[in-house]
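Remember, it's 1-based here, ligands and their atoms both numbered in the order they're listed.
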Amino acid sequence: MKYDIYYHENCLDGTVSAAVLKYFLNLRGDDFARYIPLQHPVDKNWWKGEKLKKTSAIVDILYHPGAKIWFDHHDTTFIDSEWAGSYKPAGKNLDDAKLHVFDPARPSCAGLILSSLSGAARSKIPARLREMTKWSDILDRVNPKQISVKDLLELKYPALKIGFFLDNENNISRSRQKQLINTLSKKSLADAVDLPWVKKGFLTCKKKFDESLQKMKEKLEIRGNTIFIENLERKLIGIRFAPYYFYTKANYSVRLVRHGKNFILAVGVNPWNSPKKPAEIGWFLEKNYGGGGHAYVGSAPFGSEEQARKALPDLLKYLNEHA
Ligand SMILES: [Mn+2]
């Protein structure tokens, strides 16, 4: 059987998830047909109306009842209450008519896939797949016990290189994404880094990042327990975690960025110095500004820079109350 594969692009976990699933499908003589990369935020109206082929698979992105195979761990995976209500866990392995698995407690979708498959498939997991899945687990919700901010930013390991490149390069063609997924399903992370366009793309990103780190030092503003950084012209890359390298004591960071017409306040908890009772970021942004996210990370869109800046004092006050 040939599956249409929908996956989270620009994301190490989304890419590894697709590769892991492909590996298991290949074992039984199946494969992917069309590759359909998706990015957050997915247009919900389009998704609701999308008629999936009978043999479709979705990994690391929004639930769709029409999929034969679906794995996800995002707690915002259901686009409305109708689909949230109709979802039922289904299946145990790839032979089942329907295999729908959701676990928001899982740090990565690739890890969820690997641990969900039972029976014969389980005994055939090669070490290289376990290795890339371990990295997905460490990086998708940065696990402070398994990686330091210094290691994360030094980008020495293949998984970090690929993840950083995917995070920061928005225009990877579909055929290259397909090649990367194929390589990961058959070979190791190190082999994937050796693909000429990955190697070159990473080096370009890395150079920009090194320049960003220099500029970042001057642009960071400390507001109590929170780092504020403005990146409206998108001259800086890699600013999600780098601020904590310069200011390890911060509990949170707030970034002001631009996304097309929208001005976005993006907020996150410092994984290496999270308060005992952290702020509920997604909830606060949803309630006050129509944004959303998880407990530890979220964002809210504003129609103008002025509106975003106006929201800032209250947001900072809330974060500073949760130290
Ligand atoms: Mn993920």
Side-chain angles (χ1 to χ4, degrees), residues 3 5-25 32 35-42 44 47 56-64 67 69-79 83-84 87 89 99-117 125 128-147 152 157-170 172 177-178 180-181 184-185 189 192 238 240-241 266-269 271 281-282 292-299:
Y3 287 77
I5 175 72
Y6 297 77
Y7 63 98
H8 188 194
E9 68 172 331
N10 294 115
C11 168
L12 180 74
D13 186 33
T15 304
V16 170
S17 295
V20 168
L21 182 61
K22 179 175 159 62
Y23 171 81
F24 287 113
L25 288 175
F32 293 153
Y35 287 66
I36 303 114
L38 298 174
Q39 268 186 47
H40 288 295
V42 175
K44 290 179 184 174
W47 192 234
S56 288
I58 303 170
V59 290
D60 199 36
I61 198 108
L62 303 184
Y63 173 70
H64 193 299
I69 298 172
W70 170 71
F71 287 99
D72 196 18
H73 71 134
H74 289 91
D75 28 33
T76 46
T77 196
F78 301 107
I79 58 169
W83 280 8
Y87 162 72
L99 180 58
H100 283 187
V101 185
F102 174 54
D103 187 353
R106 280 273 166 187
S108 80
C109 181
L112 176 64
I113 297 172
L114 213 57
S115 65
S116 303
L117 292 172
I125 301 170
R128 56 189 179 77
L129 283 195
R130 289 195 187 279
E131 171 75 6
M132 60 185 80
T133 299
K134 182 195 85 186
W135 278 106
S136 267
D137 271 346
I138 296 173
L139 298 174
D140 210 45
R141 289 182 192 164
V142 169
N143 184 336
K145 290 194 185 100
Q146 289 175 293
I147 189 151
L152 188 72
Y157 303 102
L160 294 172
K161 289 181 180 171
I162 296 172
F164 188 78
F165 172 54
L166 292 175
D167 274 348
N168 291 292
E169 176 51 76
N170 266 301
I172 303 173
Q177 294 190 30
K178 186 176 164 180
L180 180 59
I181 290 168
L184 287 171
S185 78
L189 285 161
R240 200 166 139 209
F241 297 111
V267 187
V269 174
I281 292 171
H294 314 268
Y296 298 102
V297 57
S299 62

Worksheet item: Has Asp72 got an N/O/S atom less than 2.8 Å from the Mn ion (ligand 1)?
Response: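 Checking the Mn ion (ligand 1) against Asp72, no N, O or S atom falls under 2.8 Å.
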Discussion item. Just checking: Cys109, one of its N/O/S atoms, less than 2.8 Å away from the Mn ion (ligand 1), yes or no?
Written reply: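 It does not: Cys109 brings no N, O or S atom closer than 2.8 Å to the Mn ion (ligand 1).
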Discussion item. Closer than 4.0 angstrom, basic N to acidic O: yes or no for Lys134 and Glu131?
Written reply: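 Salt bridge between Lys134 and Glu131, a charged N being under 4.0 Å from a carboxylate O: yes.
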Worksheet, complete the sentence: The atom name of the N, O or S atom in Asp140 nearest to the Mn ion (ligand 1) is OD2
Fill in: Partner residues of Tyr3 under the ring pair (Phe, Tyr, Trp, His ring centres under 6.0 Å) criterion, sequence neighbours left out
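Partners of Tyr3 by the ring pair (Phe, Tyr, Trp, His ring centres under 6.0 Å) criterion come out as none, since no residue qualifies.
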Worksheet item: For the ring pair Trp70 and Tyr6, is the centre-to-centre distance below 6.0 Å?
Response: no
Worksheet item: Under the salt bridge (charged side-chain N to carboxylate O under 4.0 Å, His left out) test, which residues partner Lys44, sequence neighbours left out?
Response: none
Fill in: Opening angle between OD2 in Asp13 and OD1 in Asp60, taken at the Mn ion (ligand 1), to 10 degrees
90°
